2 protein chains.
Amino acid sequence: MKSQPHEVFRQYLEAQGLKLTKQRTEILDYLLRARDHATPERIHADLRAKDPMLGRATVFRTLLLLEKAGFASKILFSDGSHGYEHKFARPHHDHMICVDCREVIEFSNATIERLQDQISRRFQFTPLWHRHEIFGRCRKCGPKPAQGVK
Amino acid sequence: MKSQPHEVFRQYLEAQGLKLTKQRTEILDYLLRARDHATPERIHADLRAKDPMLGRATVFRTLLLLEKAGFASKILFSDGSHGYEHKFARPHHDHMICVDCREVIEFSNATIERLQDQISRRFQFTPLWHRHEIFGRCRKCGPKPAQGVK
DNA sequence: ATTGATACTGATACTCAATATCAATATGAA
DNA sequence: TTCATATTGATATTGAGTATCAGTATCAAT
C-alpha cells in the first residue's frame, strides 16, 4: 500500500504533465524520512550510497520542484546556508536554531500568528508566508559559548 | 561637526586597535544614507562611481566588520540573497518584505518579543537574536501577483 | 613633520554551491 | 511496442564570497 505523500506527488506531477521518476521518488523519500534540515549536498551524498549515478543537478532541480509545488520548504541557517524539510501533514511551525550544534527545534504559537496578521493588515500588506527564526543555544549547549571546538 | 555614528565607529576602531580608513568611512556613510536593503554588490558598484579603486573584498570585509561590531545587520531576501542596514539609533525591528517590488517595511511588536522569550524558556533555549520576516505583497503591489513584468 | 610598526587595501586566484547546456535515456500515453 | 518528450547526469560555467600577499595608508611615538 502506497503512502499518501507519494500519491499526492504523483497526482501533482500528472496534473503538470511531468513525469514520476526513480530519482524524484528517492528524494521525496529522503525528505519524508529525514528528521530535519537536510542540505542538498547531504541529500546527494546520502542517496548516492544507494544510487551512485544520482547527479547533483537532479537533487537541486527536484528540491526546487518540491518547493514550488508546496511539498517542501527551506530552512535558513545562521551562516546563510540552508536545508529542506517536507510539508506533508505538518502544521505550520517556526524554528529555534542552536548556533553551536545546529539543532533545530520547532515551535508554533497561535498568538504570534494572529499578531502577524494584525500587523500586516495595519500596513495593508498581504502576507503570503513568513519565516521566524530564533537563534541561540539549546539546552544541551547551555547559555555559554562552546569552548575550544571551532 | 562630525555626526554621532562616525564618532562611535571611530571609538570602536580605536578600542580594537583598528584603523579608520577612507574606505570604511565611505561604506559606513553609504549605509547611513541608504534607505534600506543595500546588497554588497550594489554598495560596491555605487561607491565605485566616486572611488573607482574600491575593491570588492574591502566591501565584504567592512560589512562583516560592521556586523560584528553591532553597527549593521543582515536582511535576508526570499531568494536567499541578502542586504545590510545600519543599526545606529534604530530600535530592534523586524521586516515585511514585498515579493514583487522588494520594498521592506519595518515593524516591531512587544507582545511577539515577549512570547518569543516565553517559548525559548519553555525549551530551555537561550535566545541570542532572532529574525522574523513576513513575505507578501505591499499596499502598492496589491494582493494579486504582478502581471507581465518579470 | 618624520618615522616606522602594522593594520589595511586591491588584485588575483581560488572555492564551492548552484545553474545552464546538451546528448543520451526513461517515462507513459497511445 | 512505439515514440514524443520530459528527465537525467556529465560537463562547463557562473557568481558570490574568501584567502593570499605585495604594496600602501594610518597613527602613535618621536
Side-chain angles (χ1 to χ4, degrees), chain A residues 2 6-7 9-28 30 37-69 72 74-84 150, chain B residues 6-7 9-30 37-69 72 74-84 150:
Chain A
K2 276 287 168 188
H6 284 95
E7 181 56 23
F9 187 41
R10 198 192 58 70
Q11 285 177 16
Y12 170 84
L13 292 173
E14 187 179 349
Q16 304 290 317
L18 304 176
K19 291 171 179 173
L20 179 61
T21 64
K22 178 166 64 71
Q23 292 86 342
R24 286 176 178 170
T25 301
E26 284 169 4
I27 293 166
L28 175 58
Y30 187 97
H37 61 278
T39 66
E41 294 304 326
R42 173 93 211 201
I43 295 170
H44 183 229
D46 286 354
L47 288 180
R48 274 209 171 210
K50 289 279 176 183
D51 178 2
M53 293 306 287
L54 181 67
R56 287 166 37 78
T58 299
V59 174
F60 282 105
R61 279 189 292 234
T62 303
L63 289 171
L64 197 62
L65 172 69
L66 288 168
E67 192 183 11
K68 283 200 295 190
K74 271 187 193 171
I75 306 175
L76 298 177
F77 301 121
S78 53
D79 64 359
S81 64
H82 63 266
Y84 286 85
K150 150 68 191 62
Chain B
H6 285 96
E7 182 55 23
F9 187 40
R10 197 192 58 70
Q11 285 176 17
Y12 170 83
L13 292 174
E14 188 180 346
Q16 304 290 316
L18 305 177
K19 291 172 181 174
L20 178 61
T21 64
K22 178 165 65 70
Q23 292 86 343
R24 286 176 177 169
T25 302
E26 284 169 3
I27 292 166
L28 175 58
D29 261 338
Y30 187 98
H37 61 279
T39 66
E41 294 303 327
R42 172 95 209 195
I43 295 170
H44 184 229
D46 286 353
L47 287 179
R48 275 211 172 211
K50 288 280 177 184
D51 179 1
M53 294 307 287
L54 181 67
R56 285 166 36 79
T58 300
V59 174
F60 283 106
R61 280 188 292 233
T62 303
L63 288 172
L64 196 63
L65 172 69
L66 288 168
E67 192 182 12
K68 281 199 295 191
K74 271 188 192 167
I75 306 176
L76 298 178
F77 301 121
S78 51
D79 64 359
S81 65
H82 62 267
Y84 285 86
K150 152 67 189 60

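All chains are named by letter (A, B, ...) in the order of the sequence lines, taking the proteins before the strands, and each is independently numbered beginning at 1. Because the structure is predicted, anything quoted here is derived from the model rather than measured.
- Proximity note for Leu20(B) (side chain, C-beta onward) versus dC27(D), dG10(C), dA16(D): the nearest is dC27(D).
- None of Thr62(B), Thr58(B), Leu47(B) except one satisfies the side-chain contact (heavy atoms from CB on, under 4.5 Å) rule with Gln23(B); the exception is Thr58(B).
- Side-chain atoms of Arg24(A) come within 3.5 Å of backbone atoms of Lys19(A) as a donor-acceptor pair (strictly under, hydrogens ignored).
- Phosphate contact (OP1/OP2 of dT8(D), side-chain N/O of Thr21(A), threshold under 4.0 Å): present.
- Of the side-chain N and O atoms in Gln23(A), one or more sit less than 4.0 angstrom from OP1 or OP2 of dG9(D).
- For the residue pair His44(B) / Arg48(B), a side-chain donor-acceptor distance below 3.5 Å is found, with atom types taken as modelled.
- Rounded to an integer number of Å, the gap from CG of Leu65(B) to C1' of dA7(C) is 12 Å.
- Within the 4.0 Å cut-off from OP1 or OP2 of dG17(D), at least one side-chain nitrogen or oxygen of His82(B) is found.
- Nucleotide dA6(D) forms a pair with dT25(C), judged by Watson-Crick or G-U wobble geometry with both contacts under 3.5 Å.
- One atom, NZ of Lys74(B), and another, C1' of dA16(D), lie 12 Å apart when rounded to the nearest Å.
- At whole-Å resolution of the value, NZ in Lys22(B) and P in dT26(D) are 8 Å apart.
- For the pair Glu14(A) CD and dG28(C) P, the computed distance is 9 Å after rounding to whole Å.
- The interatomic distance linking Leu18(B) (CG) with dT9(C) (C1') rounds to 14 Å, in whole Å.
- For Phe60(B), taking side-chain heavy atoms from C-beta onward, the closest of the listed nucleotides dT18(D), dG10(C), dA18(C) is dT18(D).
- At a cut-off of 3.5 angstrom, the base of dG10(C) holds at least one donor-acceptor pair with the side chain of Arg61(B).
- Comparing Ala57(A) and Pro40(B) against DNA chain D, the residue whose closest nucleotide sits nearer the 5' end is Ala57(A).
- In this structure, Arg10(B) and His6(B) have side chains that are not in contact, with every pair of non-hydrogen atoms separated by 4.5 Å or more.
- Looking only at side-chain heavy atoms (C-beta outward), Phe9(B) and Thr25(B) stay at 4.5 Å or farther from each other.
- Between Arg24(A) and the phosphate of dT7(D), there is a side-chain N or O to OP1/OP2 separation shorter than 4.0 Å.
- Summary of the strand contacts: Leu13(B) and Arg48(B) both lie near DNA chain C, and taking for each the nucleotide with the nearest heavy atom, the more 5' one is attributed to Leu13(B).
- Residue Arg56(B) is in base contact, counting any heavy-atom pair closer than 4.0 Å across all strands shown.
- Atom pair Gln16(B):CD and dT6(C):P shows a separation of 18 Å (rounding to whole Å applied).
- The CZ atom of Arg10(B) sits 15 Å away from the P atom of dT26(D) (whole-angstrom rounding).
- Summarising the geometry, the separation between NZ on Lys19(A) and P on dA30(C) is reported as 13 Å, rounded to the nearest angstrom.
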